[in-house]
Amino acid sequence: MIVVLAGGVGAARFLQGLVQIVNPKDLYVIVNTADDFELYGLSISPDLDIIMYTLSGIVDKMQGWGIDNDTTNCLEMLSRYKQDTWFKLGDKDLATHIYRTNLLKSGLKLSEITKKLCQHLGVEVNLIPMTNQKVMTKIRTPDGIIHFEEYMIERKAQDKVLEIIYEGAEDAKPTNGILDIIKNAEGILIGPSNPLVSINTILSIKEIKLALEQIDKPIIGISPIIGNKPVKGPLDRLMKGLGMEVSCFGVAKFYKNLIKTFVIDEIDKDRKSEIEKLGIKVIITNTLMKNLEIKKNLAQITLDAMKLNVG
Ligand code: FO1
């Protein structure tokens, strides 16, 4: 069994490669749920949905989120009612949120609902929300504290980032089974996700972090930064806000006490020796996942590193 820590689009693309070479049933993906929020009374879980839609083949490939060929009739009507429509929820996507919200109201846990959704969509990988409790990433800006999605999408990541807050993490327990999965894993892969608002939210759950620190298994990270720019999202602004260097080295430094191997892009090969000085082994390959071949190759290289136990 292999465990992957995952955020949204980057991790989803990496998993597309991984399922080509590993039996999906042997993959356990612990997914960030701190981007989750409520809109129009509906419970939205962006990262879970991005991975689910990607692995089921229905994702909008250009965006990396939402459903392919979706329409926006509902949003257009909401806009007529003068409702906020900054979060682009397609009509088909809304069905997922309606179904999830109804099941939550009937008393099911997010992890149970995720299993049901995956079954309906033919996703065989085990997707596990990091917790069934509410944890929310909030950004402290000079104008106040706002939800991460509001910061990133409504306000287009323009505010200065003063602090990242993982609200609710202090009291959150891992979803049942996560600690055993970590204990019994052959190795842990950290997807090319945002270290601050995807991976660190998972690590902000104390018992998960402790379990990862206690295992003697390879933990391998993949850089979400290529040539000093994040492949997607506002990671550069978040890192800058926290005084971090925006580079694969900056990410390696952040993961220093967790990983022993880090996969970086060919463009960044001159950072290898600096990262090695942190006590981290470095693997250099093409990490820009433009097509399935590259995704599969990245997955194979990461897996080989894990199997060779160079973690
Ligand atoms: N990302 C955007 O940049 N703009 C959107 O309007 C947007 C809508 C959206 C709807 C459903 C969903 O599952 C994801 C959506 N995303 C959107 C992506 C998502 O919010 C972020 O990429 C993740 O939260 C970051 O991991």
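Position 1 is the first residue of the sequence; numbering continues from there. FYI, side chains are in, hydrogens and waters are out, and symmetry mates aren't considered; it's all heavy atoms of this structure.
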**Q** Does any part of the side chain of Ser43, heavy atoms only, come nearer than 4.5 Å to the side chain of His97, both counted from C-beta?
**A**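 No, their side chains stay 4.5 Å or more apart.
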**Q** I need the minimum non-hydrogen distance between Glu186 and Ile2, along with the two atoms involved.
**A**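 For Glu186 and Ile2, the tightest heavy-atom pair comes out as OE2-CG1, 4.3 Å.
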**Q** Could you list the donor-acceptor pairs under 3.5 angstrom formed by side chains in residues 204-215, with sequence neighbours left out?
**A**
unit_1: Ser204; atom_1: OG; unit_2: Thr201; atom_2: O; d: 2.5
unit_1: Lys206; atom_1: NZ; unit_2: Glu170; atom_2: O; d: 3.0
unit_1: Glu207; atom_1: OE2; unit_2: Lys173; atom_2: NZ; d: 2.7

**Q** Would you say the side-chain atoms of Asn32 pair up with the backbone N or O of Val197, donor to acceptor, closer than 3.5 Å?
**A** yes
**Q** Go through the side-chain N and O atoms of Glu293 and Asn297 and say whether any donor and acceptor fall under 3.5 Å apart.
**A**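 Their side chains do not contain a donor-acceptor pair, so the 3.5 Å distance test is not met.
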**Q** For the residue pair Gly17 and Ala299, what are the closest heavy atoms and their distance?
**A** C-CB, 3.7 Å
**Q** For a quick test of reading the model, state the closest non-hydrogen atom pair linking Asn286 to Leu288 and the distance between them.
**A** OD1-N, 3.2 Å
**Q** Go through the steps to decide whether Met244 and Phe254 satisfy the test side-chain contact (heavy atoms from CB on, under 4.5 Å), and finish with yes or no.
**A** CA-CA 9 Å; Met244 298 164 72; Phe254 184 74; 3.7 Å; yes
**Q** At what distance, to the nearest 0.5 angstrom, does CG of Leu75 lie from CG of Asp70?
**A** 9.5 Å
**Q** If the threshold is 4.0 Å, N to carboxylate O, is there a salt bridge linking Asp49 and Arg100?
**A** yes
**Q** Give a yes or no on whether Lys160 atom NZ has more than 12 heavy-atom contacts from other residues, nucleotides or ligands under 6.0 Å away.
**A** no
**Q** Determine whether a donor-acceptor pair (N or O, by modelled atom type, separation under 3.5 Å) exists between the side chain of Lys138 and the backbone of Ile164.
**A**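 No, Lys138 side chain to Ile164 backbone: no donor-acceptor pair under 3.5 Å.
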**Q** I need the Met306 CE to Thr261 OG1 distance, nearest 0.5 Å.
**A** 11.0 Å
**Q** Do Leu104 and Ile113 have side-chain heavy atoms sitting under 4.5 Å apart?
**A** yes
**Q** Could you see if Phe14 belongs to whatever hydrophobic cluster contains Ile50? Use Ile, Leu, Val, Met, Phe, Trp, Tyr and a side-chain cutoff under 4.5 Å.
**A**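 In one cluster with Phe14: Ile50, no.
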**Q** Run Asn194 and Ile199 through side-chain contact (heavy atoms from CB on, under 4.5 Å) and show every step you take.
**A** CA-CA 6 Å; Asn194 187 315; Ile199 304 302; over 6 Å; no
**Q** Ignoring hydrogens and angles, write down the donor-acceptor pairs under 3.5 Å from the side chains of residues 121-130, residues two or more places apart or on other chains.
**A**
unit_1: Asn126; atom_1: ND2; unit_2: Lys25; atom_2: O; d: 3.0
unit_1: Asn126; atom_1: ND2; unit_2: Leu27; atom_2: O; d: 3.0

**Q** Under 3.5 Å, side chain of Asp159 to main-chain N/O of Thr141, donor-acceptor pair present?
**A**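 No.
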**Q** Does one hydrophobic cluster hold both Leu48 and Ile58, with members joined at side-chain heavy-atom distances below 4.5 Å?
**A**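 Leu48 clusters together with Ile58.
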**Q** Which distance, rounded to the nearest 0.5 Å, do you find between the CG of Leu235 and the OG of Ser193?
**A**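 Answer rounded to 0.5 Å: 10.5 Å.
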**Q** Applying ring-ring contact (aromatic ring centres under 6.0 Å, His included) as the test, list every pair that has at least one member in residues 28-62; sequence neighbours left out.
**A** Phe37-Phe87, Phe37-His147
**Q** To the closest 0.5 Å, what do you measure between CG (Asn228) and CG (Asp236)?
**A**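 Answer for the CG-CG pair, Asn228 versus Asp236, is 10.0 Å.
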**Q** Please confirm whether the backbone N or O of Leu203 pairs with a side-chain atom of Asn200, one donor and one acceptor, at under 3.5 Å?
**A** no
**Q** Would you call Glu149 and Arg155 a salt bridge, using N to O less than 4.0 angstrom?
**A**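 The answer is no: the pair does not qualify as a salt bridge.
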**Q** Would a distance-only check, ignoring hydrogens and angles, find a side-chain to backbone donor-acceptor pair under 3.5 Å from Gln63 to Trp65?
**A** yes
**Q** Give me the atom names and distance for the closest heavy-atom approach of Met289 to Pro192.
**A**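 Met289 and Pro192 have their closest heavy atoms at CE-CG, 3.7 Å.
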**Q** Once rounded to the nearest 0.5 Å, what's the spacing between atom CD1 of Ile225 and atom CD of Glu245?
**A** 9.0 Å
**Q** Go through the steps for Ile284 and Asp265 under the test side-chain contact (heavy atoms from CB on, under 4.5 Å), then give the verdict.
**A** CA-CA 6 Å; Ile284 299 168; Asp265 193 81; over 6 Å; no
**Q** Over all heavy atoms of both residues, which pair between Arg237 and Gln158 is shortest? Give the atoms and the distance, please.
**A** NH1-NE2, 3.3 Å
**Q** Heavy atoms only: give me the nearest Gln16-Leu292 pair and the separation to one decimal.
**A** O-CD1, 4.0 Å
**Q** For the pair Asp60 (side chain) and Met62 (backbone), establish whether a donor and an acceptor sit closer than 3.5 Å, ignoring hydrogens and angles.
**A**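 It does hold such a pair.
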**Q** Within a reach of under 6.0 Å around CG of Asn69, are more than 12 heavy atoms found that belong to other residues, nucleotides or ligands?
**A** no
**Q** Are the side chain of Asn132 and the backbone N or O of Leu110 linked by a donor-acceptor pair below 3.5 Å?
**A**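 Yes; judged by distance alone, with no hydrogens or angles, the pair exists.
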**Q** Taking the side chain as every heavy atom from C-beta outward, state whether Ile21 and Lys296 have any pair of such atoms under 4.5 Å apart.
**A**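 With C-beta onward as the side chain, the pair touches.
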**Q** Can you confirm whether Ile67 sits close enough to Val59 that some side-chain heavy atom of one is under 4.5 Å from a side-chain heavy atom of the other?
**A** no
**Q** Quick check on the hydrophobic clustering: are Val4 and Val231 connected, directly or via other members, by side-chain heavy-atom contacts under 4.5 Å?
**A**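 Different hydrophobic clusters.
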**Q** With Cys248 as reference, evaluate Ile222, Thr287, Ile275 under the side chain to side chain contact (heavy atoms under 4.5 Å, CB included) test and give the passing residue.
**A** Ile275
**Q** Would you check if Pro234 and Phe148 make a side-chain contact, meaning some heavy-atom pair closer than 4.5 Å?
**A** yes
**Q** In this structure, are over 12 heavy atoms from other groups packed under 6.0 Å from Asp26 atom CG?
**A**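 Buried by this count: over 12 neighbours within 6.0 Å.
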**Q** Contact between Leu189 and Val3 at the side-chain level, heavy atoms closer than 4.5 Å - yes or no?
**A** no
**Q** If Ile, Leu, Val, Met, Phe, Trp and Tyr residues are connected whenever their side-chain heavy atoms lie under 4.5 Å apart, and connections chain through other members, are Val19 and Leu303 in the same group?
**A** yes
**Q** State plainly whether the residues Lys272 and Glu276 are in salt-bridge range, i.e. N to O under 4.0 Å.
**A**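 The answer is yes: the pair qualifies as a salt bridge.
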**Q** Whether the side chain of Ser198 engages the backbone of Gly7 through a donor-acceptor N/O pair (distance < 3.5 Å, no angle test) should be reported.
**A** no
**Q** Tell me whether Lys82 contacts the main-chain N or O of Ser79 through its side chain, where contact means a donor paired with an acceptor under 3.5 Å.
**A**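 Side chain of Lys82 to backbone of Ser79: no pair is present.
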**Q** Please determine whether side-chain contact (heavy atoms from CB on, under 4.5 Å) holds for the pair Ile283 and Ile264, giving the CA-CA distance in whole Å, both sets of side-chain angles, and the decisive distance to 0.1 Å.
**A** CA-CA 6 Å; Ile283 293 173; Ile264 63 170; over 6 Å; no
**Q** Does Thr71 use its side chain to pair, donor to acceptor, with the backbone of Asn73 at less than 3.5 Å?
**A**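 Looks like no, no N/O pair under 3.5 Å.
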**Q** Are Val9 and Tyr151 linked, directly or through other ILVMFWY residues, by side chains that come within less than 4.5 angstrom of each other?
**A**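 No, Val9 does not connect to Tyr151 through the hydrophobic network.
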**Q** Nearest 0.5 Å please: distance from the CG atom of Leu18 over to the CD atom of Gln300.
**A** 9.5 Å
**Q** May I ask you to test the Leu15-Thr54 pair for a side-chain heavy-atom distance under 4.5 Å?
**A**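 Answer no - side chains too far apart.
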**Q** Indicate yes or no: at least one non-hydrogen side-chain atom of Glu112 is less than 4.5 angstrom from one of Leu103.
**A** no
**Q** Would you mind checking if Glu266 and Lys269 are paired as a salt bridge, meaning a charged N to carboxylate O distance below 4.0 Å?
**A**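 Between Glu266 and Lys269 there is no salt bridge, as every charged N stays at least 4.0 Å from the carboxylate O atoms.
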**Q** Quick one: which of Thr33, Thr114, Asp36 gives a side chain to side chain donor-acceptor pair (under 3.5 Å) with Ser45?
**A** Asp36
